[in-house]
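Accompanying notes for the structure given below.
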Amino acid sequence: MKTLYRGKIFTFNQQASLQNLQGVIPDALFVNDERFTFLRDGAIIVENGKISAVGDYSEISSLLRAEDKTVDYRGKLIAPGFIDTHIHATQTSSVSAYGEKLLTWLDNYVFPSEVAFNSEQSGRREYDILLKQLFKNGTTSICAYLPTSYDGADLVFEMTDQYNMRVIMGNTIMTDGNAKLITDPQTSMKISEKLYNKWHGVNRSSYALTPRFALSCTDETLGLCREFMESHPDAYVQSHLCENINEIADTVAKFSWAKDYLEVYEKSGLVNARSIYGHCIHLSESEWSRMVEKQAIFANCPVSNNYLGSGLFNYQKAVQLDAKLTLATDWGAGNTLSMLRVMDDAYKVAMLNSFKLETLTRWYSCTLGAAKALGVGQHIGSLEVGKEADFIVFDPAQNELLNYRLESSFDLLDYLFSLSSLGDDRIVAATYVYGNKVHGE
Ligand SMILES: [Zn+2]
């Protein structure tokens, strides 16, 4: 059976790129460009979890047969689901711990709280709340740091798999630091191996080797990570890079064999086109060019960076170098799961650096741009024929102020800017994952 969803349609198209969106000024509200489309009375047709048609309602409604279904979202906006490329599944209960910078915040709040998530019972409620909040905010895909234990990490995979979410996740590897949280390196790698074998490439799940950050690793751990990536080259890697000045100083002091922070990961075989690095705020010129040359993925988290006072990411440089830029919440240092709020903070951070990070560029970095960066642009990120049906239904009328503001919206940029500047979870009327409604009436 087919289901047609009718409403305004906004999507990027395959021709869109970080650079070709920056500086584009559409002269109308409704446009159909090779890079993006905004339809006044549009529709998508979903069949077996995938999009089989997209276009003006008047043109594609004739594809329906008598037994097919129509869902009327007229007056609302249908857009691609958000991709959050950096979250911690174990930090919901410690979110909004205040008043500290990165290393103190980790030691005083996060590490003690994460100890609880290594058993199934303590985790289930936390992840259930997290997933529901993600859907409520229109996020349909995540890259996530999971508990350090096999049972804890496996449970999160089980739960996202039940929703058939496209996810990239792994057990957090910590072998140095908080005594109650660390695992010995060999045990960590056995857990990684077992999770990779069970989940990588199964349904919509992918495995990411997840050394928390260099400071939570020993030389032995990094060596084992290198071996793991050599024997599992199709796995992802995720970690943190150059988030905070003290963190960088401690890292280069600990690994004195490396000339800078990035080289700790490079020499461990952890920097390639499937490596997702959180933050990347304080990169040297050399680190910038090596990250781009190796096609590594930037998971920038402006809400978290502002919250912990970590610093201002250089968006201008990312655009100039055509870096694989994605945006993320870094939940729970980021105190929101709303990618609308993340886009808003990205705009402000760029403005503090006297750079205008365009509206289309920011939306792209949360949708198709993120999908392409992660190598899954053929599956998700836009509403195009053949894509998996992950989408959001926005209802701006649920926010009186935004609704009023949009009445005077004269072009697409202004419309999307207002949505990301004034919107929040109230305007997410429904969220669909693989064609199934996971949030909304
Ligand atoms: Zn993080």
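As the structure lists them, so they are numbered: ligands from 1, and atoms in each ligand from 1.
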Handout entry: Side-chain donor/acceptor of E243 to backbone N/O of C280, under 3.5 Å
Key = no

Handout entry: Check: Y415 ring centre within less than 6.0 Å of F10 ring centre
Key = no

Practice task
Return the set of residues passing salt bridge (Lys or Arg N to Asp or Glu O under 4.0 Å) with E158 (not counting sequence neighbours), or none when no residue passes.
Solution key: K198

Exercise for the section: Only counting residues at least two apart or in another chain, list the ones meeting ring pair (Phe, Tyr, Trp, His ring centres under 6.0 Å) with Y265. Expected result: Y261, Y277

Handout entry: Nearest-0.5 Å distance, CG of residue L416 to OH of residue Y364
Key = 15.5 Å

Handout entry: Nearby protein N/O/S atoms (those under 2.8 Å) for the Zn ion (ligand 1), with water ignored
Key = H86 NE2, H88 NE2, H240 NE2, D330 OD1

Practice task
List in chain and number order the residues that pass side-chain contact (heavy atoms from CB on, under 4.5 Å) with A249, two or more places apart in sequence or in another chain; answer none if no residue qualifies.
Solution key: none

